[in-house]
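Have a look at the structure below, then the notes.
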Number of protein chains: 2
Amino acid sequence: MKMSNTQQRRVILEELRKLDTHPTADELYDLVRQRLPQISLGTVYRNLELLSATSQILKLQLTGTQKRFDGNTALHYHRRCPCCGRVSDLKGEEMAEVERVLNELLRKTGCRSYTLELCGVCPACRKQQSSSRENPENINNPKSHQENKNDGIERQ
Amino acid sequence: MKMSNTQQRRVILEELRKLDTHPTADELYDLVRQRLPQISLGTVYRNLELLSATSQILKLQLTGTQKRFDGNTALHYHRRCPCCGRVSDLKGEEMAEVERVLNELLRKTGCRSYTLELCGVCPACRKQQSSSRENPENINNPKSHQENKNDGIERQ
DNA sequence: CCAAAATTGATAATGATTATTAATTCTAAT
DNA sequence: ATTAGAATTAATAATCATTATCAATTTTGG
């Protein structure tokens with residue numbers, strides 16, 4: 001079963017690689033459909049499965065009911081924001097710190113790998129919060145910087 | 001909406017607290033049905049939801065397609081075994097190590113919480129592996145110490 | 001170009017969970 | 001204890017995410 005190079009597969013991979021937002025299958029479907037209006041959701045699922053099975057993308061098992069996909073296969077870590085529900089990548093220093101600390105943990109527990117999801121306010125929400133001191137307990141409106149169909153806060 | 005004390009809810013909580021196996025809703029349903037044959041799966045789901053919403057139990061978001069529930073609400077950590085698929089708790093020293101290391105991580109990243117699932121061979125499988133040196137690459141048969149309907153290895 | 005293999009779109013099926021609803025059970029106040 | 005009102009139940013339907021099926025189309029390597 002050699003993997004052939006179809007237009008659909010190419011576009012799915014291209015669109016996913018444009019993003020750093022870890023889309024769900026149906027979010028990616030909406031994007032891909034703008035270029036290939038005839039494509040079906042099943043094709044998107046099928047290709048995401050194949051692409052992750054061949055390590056060209058990552059399939060993420062995060063909290064929430066839907067799987068998410070990541071075009072960035074380099075080692076990195078994810079943080080879900082409790083304000084907007086968005087999943088973002090840890091950057092630079094934070095990233096290195098997680099790696100150091102978790103490798104230490106694997107060594108000490110004798111485990112071989114781990115799945116980690118951090119929960120913390122993302123940079124976008126942090127900015128919004130500090131600029132509205134008069135109402136600090138207000139949760140930021142997810143719609144303001146995320147285009148989810150639901151409330152943006154996925155329940156686990 | 002005051003929570004009333006029904007037989008169903010009591011039995012569900014009792015049975016869950018007997019276990020340290022982090023059952024799925026349907027696994028718990030099978031157990032509870034031995035005491036209350038008329039109970040419906042919906043009732044089990046409804047009560048697990050209520051009990052976790054009131055912090056009497058934990059709802060776990062681990063890898064795999066089904067949610068799991070935990071009657072032990074004290075802080076502890078979970079490891080899924082790649083051999084048998086079973087989810088077990090980290091004990092004693094390991095436990096303290098994770099807590100220390102992850103608290104440090106939260107402090108350094110400014111995050112507020114995390115979801116962590118470790119992946120490592122569980123004590124039962126470790127014993128089995130070391131006692132069968134002649135075939136070390138063999139994966140232990142999940143059926144041998146897990147009563148799952150599927151193969152016991154949940155795919156993510 | 002051609003045959004074999006892989007893939008697609010459409011759609012049905014599945015599995016886990018949540019919602020609906022009429023009937024039953026709890027509760028707390030008499 | 002009785003009873004009205006609230007909460008819960010069992011049964012079942014509905015939903016949501018994902019996977020499977022399959023005839024038709026596309027891709028591939030010779």
Side-chain angles (χ1 to χ4, degrees), chain A residues 1-13 15 22-30 32-54 56-57 59-69 85 87 148-156, chain B residues 1-13 15 22-30 32-54 56-57 59-69 85 87 148-156:
Chain A
M1 192 208 268
K2 182 162 181 324
M3 206 168 177
S4 52
N5 183 16
T6 65
Q7 190 180 200
Q8 289 89 336
R9 185 166 301 152
R10 228 176 307 120
V11 172
I12 288 168
L13 187 54
E15 290 300 317
H22 317 87
T24 58
D26 62 297
E27 286 168 354
L28 192 56
Y29 172 56
D30 287 343
V32 169
R33 230 177 343 169
Q34 294 174 17
R35 291 174 58 186
L36 303 175
Q38 298 314 311
I39 201 170
S40 81
L41 180 57
T43 299
V44 173
Y45 269 107
R46 204 176 332 103
N47 278 293
L48 289 173
E49 189 57 42
L50 266 167
L51 289 167
S52 70
T54 54
Q56 299 177 262
I57 66 172
K59 180 163 58 170
L60 306 179
Q61 174 74 37
L62 304 174
T63 61
T65 55
Q66 285 172 274
K67 285 170 188 146
R68 291 178 176 271
F69 298 87
V87 174
N148 266 1
K149 271 160 256 165
N150 56 28
D151 61 7
I153 312 285
E154 288 190 71
R155 39 234 148 285
Q156 74 165 38
Chain B
M1 194 206 268
K2 184 166 179 322
M3 206 169 179
S4 54
N5 182 16
T6 65
Q7 191 180 198
Q8 289 89 336
R9 184 166 302 151
R10 227 177 308 119
V11 172
I12 289 168
L13 187 53
E15 289 300 316
H22 319 87
T24 59
D26 63 296
E27 286 168 354
L28 192 56
Y29 172 56
D30 287 342
V32 168
R33 232 179 342 172
Q34 294 174 15
R35 291 174 57 185
L36 302 175
Q38 299 313 312
I39 201 170
S40 81
L41 180 56
T43 299
V44 173
Y45 269 107
R46 203 180 330 104
N47 279 293
L48 288 173
E49 189 56 43
L50 266 166
L51 290 167
S52 69
T54 54
Q56 299 177 263
I57 65 172
K59 180 164 57 170
L60 306 179
Q61 175 74 36
L62 304 175
T63 60
T65 54
Q66 286 172 274
K67 284 171 189 149
R68 290 178 176 271
F69 298 87
V87 174
N148 266 1
K149 272 159 256 165
N150 55 28
D151 61 6
I153 311 285
E154 289 189 70
R155 39 234 148 284
Q156 72 165 38

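Quick note on labels: first sequence line is chain A, next is B, and so on, each numbered from 1.
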Short side-chain N/O contact to [N] OP1/OP2 from [X], under 4.0 Å:
X: A:Thr6; N: C:dT8; result: yes
X: A:Gln8; N: D:dT26; result: no
X: A:Lys67; N: D:dC16; result: no
X: B:Gln7; N: D:dT8; result: no

Distance check needed: [N] [atom2] versus [X] [atom1], whole Å only.
X: B:Leu51; N: D:dT8; atom1: CG; atom2: P; result: 11 Å
X: A:Leu36; N: C:dT7; atom1: CG; atom2: C1'; result: 14 Å
X: B:Arg33; N: D:dT9; atom1: CZ; atom2: C1'; result: 16 Å
X: B:Leu60; N: C:dT17; atom1: CG; atom2: P; result: 12 Å
X: B:Gln38; N: C:dA23; atom1: CD; atom2: C1'; result: 15 Å
X: A:Arg46; N: D:dT21; atom1: CZ; atom2: P; result: 13 Å
X: B:Tyr45; N: D:dA10; atom1: OH; atom2: C1'; result: 16 Å
X: B:Leu50; N: C:dA19; atom1: CG; atom2: P; result: 12 Å

First of A:Arg10 and B:Asn47 reached from the 5' end of DNA chain D, by closest nucleotide: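 Result: B:Asn47.
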Closest-nucleotide 5' rank along DNA chain C - winner of B:Glu49 and B:Lys2: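 The answer here is B:Glu49.
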So which nucleotide from [options] ends up closest to the side chain of [X]?
X: B:Leu41; options: C:dG9, C:dT27, C:dT17; result: C:dT17
X: A:Thr65; options: C:dG9, D:dT8, D:dA17; result: D:dA17
X: A:Ser4; options: C:dA10, D:dA17, D:dT27; result: D:dT27

B:Arg33 and B:Leu41: CA distance, side-chain angles, deciding distance, side chain to side chain contact (heavy atoms under 4.5 Å, CB included) verdict: CA-CA 9 Å; B:Arg33 232 179 342 172; B:Leu41 180 56; over 6 Å; no
Passing candidate, side chain to side chain contact (heavy atoms under 4.5 Å, CB included) with A:Ile12, options A:Thr6, A:Leu48, A:Leu36: A:Leu48
Name of the residue among B:Thr24, B:Leu60, B:Ile57 meeting side chain to side chain contact (heavy atoms under 4.5 Å, CB included) with B:Phe69: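 Only match with B:Phe69 under side chain to side chain contact (heavy atoms under 4.5 Å, CB included): B:Ile57.
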Sugar-phosphate only, base, or nothing, as touched by A:Thr43 at under 4.0 Å among non-hydrogen atoms: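 Base contact - A:Thr43 has a heavy atom under 4.0 Å of at least one base atom.
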Touch class at under 4.0 angstrom, heavy-atom based, for A:Arg9 against every strand present: sugar-phosphate
Criterion side chain to side chain contact (heavy atoms under 4.5 Å, CB included) on A:Met3 and A:Leu51, from CA distance to verdict: CA-CA 10 Å; A:Met3 206 168 177; A:Leu51 289 167; 4.1 Å; yes
Heavy-atom pair of closest approach, residues A:His22 and A:Arg68: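 Closest approach of A:His22 to A:Arg68: O-NH1, 2.9 Å.
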